[in-house]
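Inspection log for the structure reproduced underneath, given as structure tokens.
Note that these values count all heavy atoms, side chains included, but never hydrogens, waters or copies made by symmetry. These figures come from a predicted structure and were not determined experimentally. Whatever order the structure lists them in is the order used to number ligands and atoms, beginning at 1.
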Amino acid sequence: MRECPELVQETVARGHEIGNHTELHPNLLWLNPTKVRVELRLCHGAIRSTIGTPPKWFRPPFGMRNPWVIPAARELGYRTVMWTLIPGDWQEKPVEWLIPRMQSIA
Ligand SMILES: [Zn+2]
């Protein structure tokens, strides 16, 4: 986001939602309340300064959380979400491989 803010802005302009997924993508299960807040707030600030509005949604990396994660997200006004399916789209696969995996939510 910091390296390519115009890409993020174009993504928003095309109607996509930008959410908080933490600053460094740690497993939040192992972080204390202060470190959880720092992870959320750094990402929050980056998104806000890039797109001009604060994000509304938060998804914890790996879906992992401890008792401090959701309250820290609420402090920033977030609703926490998980996922409907895991398509594996972070892997370098052809579009013919990805599209059938996304059909159930398309
Ligand atoms: Zn992730």
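Not one N or O on the side chain of E39 forms a donor-acceptor pair closer than 3.5 Å with the backbone of T22.
Under a cut-off of 6.0 angstrom, the local environment of CZ in R79 is sparse, with at most 12 non-hydrogen atoms contributed by other residues, nucleotides or ligands.
Among residue pairs with one or both ends in residues 26-37, those qualifying as side chain to side chain donor-acceptor pair (under 3.5 Å) are R37-E75; sequence neighbours excluded.
Residues forming a side chain to side chain contact (heavy atoms under 4.5 Å, CB included) with M1 (at least two apart in sequence, or on another chain): V8, I18, A46, I47, T50. Legend: residues meeting side chain to side chain contact (heavy atoms under 4.5 Å, CB included) with P94, ordered by chain and number and at least two apart, are E96, W97.
Note: H25 and F62 meet the aromatic proximity criterion, with ring centroids under 6.0 Å apart.
The count of protein N, O or S atoms under 2.8 Å from the Zn ion (ligand 1) stands at 2, with waters excluded from the count.
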